[in-house]
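Sharing a structure below in structure tokens format, with a few things to ask.
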Amino acid sequence: MEFSQVATIAGKEFWDRIRNRWVLAVALVFTVFALSIAYFGSAQQGAVGFRSIEVTIASLVSLVIYLIPLIALVLGFDAIVGERERGSLDLLLSMPITRLELLLGKYLGLAGALTFSTVAGFGLVGLVLSSQLDLNALFHYFGFMFSSVLLGCAFLSLAVMLSVFAADRTRASGLAIAMWFFFVLIFDLLVLGVLVVTAGQWGGEALPYALLFNPADVFRILNIFSMDDVRTLYGLSTVFPPALAQPWLLGLVMAAWIAGPLAIAAWRFRR
Amino acid sequence: MADISPAQNDAGAPVIVARGVHKHYGLIHAVDGVDMEVRSGELFGLIGHNGAGKSTMFKMMLGLIPLTAGEIRIDGAPVPGSDFRAVRRKVGYLPENVVLYDNLTGAETLDFFARLKGVSRAPNAALLERVGLTHAARRRVREYSKGMRQRLGFAQALLGTPRILFLDEPTTGLDPEAIRGFYAILRQLKSEGVTMVITSHILAEIQERVDRLAIMAAGKVQATGTVQALREQMDLPLWFDVRVAPEDFEAVRNALGSLPVGAVEAHDGHIAVQCSRDAKMAVIAALAALNGKVRDLTVREPSLEDVFFGFSD
């Protein structure tokens with residue numbers, strides 16, 4: 001593999017998103033939402049202003065779990081199928097570049113743009129709040145940002161995989177939306193449904209492991225498990241065994257969610 | 001398939017060689033046993049109807065799609081093969097309906113492809129000048145006309161001074177002046193020893209420009225050779241356009257009618273006579289014997305289009 005080829009493709013993808021202000025727009029969305037949640041999250045209870053990092057992160061997790069998968073899927077669904085449909089893929093592949101290098105370059109460039117906007121958006125809010133946070137709170141906030149990046153990269157990997165398999169952009173976009181619904185809205189309902197219908201008699205012990213099959217749930221567990229104040233606010237995640245809720249272990253699971261779909265995409269793209 | 005090229009001994013060594021190439025998509029045989037050679041420094045035409053297999057051959061020669069069977073070698077190296085990077089650095093490709101990136105400028109487009117190709121970016125400005133795009137180098141491609149995009153695509157194909165060029169319908173969208181400029185560049189490249197394979201639906205455009213060509217139909221090469229050799233092989237009739245004074249019209253028409261000619265069409269002081277290649281000299285002699293009654297004479301060879309339909313049908 002020639003990394004310079006990967007870097008060339010990645011650089012173009014990244015700078016394309018900087019130039020068309022995609023990164024700026026997404027960073028602004030994250031900043032505005034995060035600031036609003038931090039300062040006005042408790043307005044319904046009659047209080048305004050920053051209260052605690054735990055509550056803020058818990059609210060941000062709820063936001064991010066909807067928003068980042070959607071943004072990542074929209075960002076990546078046409079990475080390959082778009083080039084193919086526009087007719088530029090043949091020209092790219094006529095260059096001294098392998099399909100794997102092209103795929104990795106595309107992924108890394110898009111992941112770079114998503115990471116940059118996530119870190120810039122939430123990082124700015126972290127800076128604003130930093131005077132009111134102690135080291136422990138800052139550590140939690142940093143962990144939230146890092147896991148948000150991992151969540152984005154995992155869904156981006158899924159999007160790129162879709163992009164390789166889909167016959168055209170229309171189908172790719174439909175599949176991306178379906179994937180978002182499945183992982184963000186339906187998956188937990190299904191698991192809960194099975195649990196309720198069987199009165200916990202079937203699959204009860206396997207349930208925590210089932211959550212690992214959804215990167216959105218892994219992200220949720222990563223962020224709420226270390227915070228006793230908010231753990232009880234979340235249904236399914238609270239049944240997760242503490243022994244499995246190690247950040248490094250969940251980080252590895254997230255890494256598998258990034259590498260797995262990409263590996264499948266690379267296998268398919270080579271054929 | 002016949003290769004009828006009187007000039008073949010003068011050409012260089014084979015640079016592109018295809019042997020028994022097949023490409024099947026299920027039951028469809030897009031390419032069906034193609035043998036082909038393109039020699040060093042040659043401008044080689046590949047013509048055929050839509051769906052004849054030209055683009056599939058192009059893609060296989062570029063290593064973009066795998067062969068079902070057979071072998072292709074570019075400059076001695078198998079395609080696809082482990083040496084593909086070295087091969088592709090020697091190759092330039094202009095796809096049909098080239099699609100470039102709208103958000104990049106012309107200069108950035110060349111920079112991007114030069115990086116990918118691993119060649120110096122220093123000559124990019126000269127390349128843009130060569131295709132007449134210096135004035136638009138800093139404009140985004142989205143502002144380019146179709147012809148300008150095509151010229152930028154051509155500049156992209158010339159990155160790294162390739163030794164082999166694949167040009168798929170390269171003059172699509174170009175105006176007549178740009179087409180003339182394009183072929184002037186091809187002549188120059190040919191003089192530098194660049195080997196070129198070109199496809200075009202505008203047969204009149206390439207018939208005087210290619211050294212040899214292959215006619216493809218239904219996935220097979222029906223014939224290969226120079227345009228003249230293919231004409232002779234098809235043995236298509238010639239046309240004589242004879243211009244005569246009104247008072248001599250009937251005399252000339254009667255004289256032509258007694259010769260071994262085919263169709264005779266007469267109107268407005270013009271007589272068009274079709275005859276076989278073998279009868280050509282007899283017709284010329286008969287017209288010369290008419291003692292000045294013939295004011296002008298034009299001999300029309302069958303066009304490449306006639307040859308093409310002769311082979312492909």
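We name chains A, B, ... by the order of the sequence lines, and we start the count at 1 in each one. All of these numbers come straight from a predicted model, not from anything done at the bench.
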Exercise. Do B/Arg85 and A/Glu2 have side-chain heavy atoms sitting under 4.5 Å apart?
Worked result: yes
For this session: Step through the shown structure and confirm whether more than 12 heavy atoms of other residues, nucleotides or ligands are within 6.0 Å of CG on A/Leu127.
Result: yes
Exercise. How about residues 133-172 of chain B versus chain A: which residues have heavy atoms under 4.5 Å apart?
Worked result: B/Arg140, B/Gln156
Problem set entry | CZ (A/Arg19) with more than 12 external heavy atoms under 6.0 Å | yes
Exercise. Does atom NZ of B/Lys23 have more than 12 heavy-atom neighbours, drawn from other residues, nucleotides or ligands, at distances under 6.0 Å?
Worked result: yes
Problem set entry | Whether over 12 other heavy atoms sit under 6.0 Å from A/Phe116 CZ | no
Exercise. More than 12 non-hydrogen atoms from neighbouring residues, nucleotides or ligands closer than 6.0 Å to CZ on A/Phe33, yes or no?
Worked result: no
For this session: Pull out the residues in residues 86-113 of chain A that come under 4.5 Å of chain B, heavy atom to heavy atom, sorted by number.
Result: A/Arg86, A/Gly87, A/Ser88, A/Asp90, A/Leu91, A/Leu92, A/Leu93, A/Ser94, A/Met95, A/Pro96, A/Ile97, A/Thr98, A/Arg99, A/Glu101
For this session: Decide if atom CZ of B/Arg19 counts as having more than 12 heavy atoms of other residues, nucleotides or ligands within a radius under 6.0 Å.
Result: yes
Exercise. CH2 of A/Trp22: more than 12 outside heavy atoms within 6.0 angstrom?
Worked result: yes
For this session: Tabulate, in ascending numerical order, the residues of residues 156-182 of chain A having at least one heavy atom closer than 4.5 Å to a heavy atom of chain B, or enter 'none'.
Result: none
Problem set entry | For chain A, which residues of residues 86-109 of chain B have heavy atoms nearer than 4.5 angstrom | B/Arg88, B/Arg89, B/Tyr93, B/Pro95, B/Val98, B/Val99, B/Leu100, B/Tyr101, B/Asn103, B/Leu104, B/Glu108
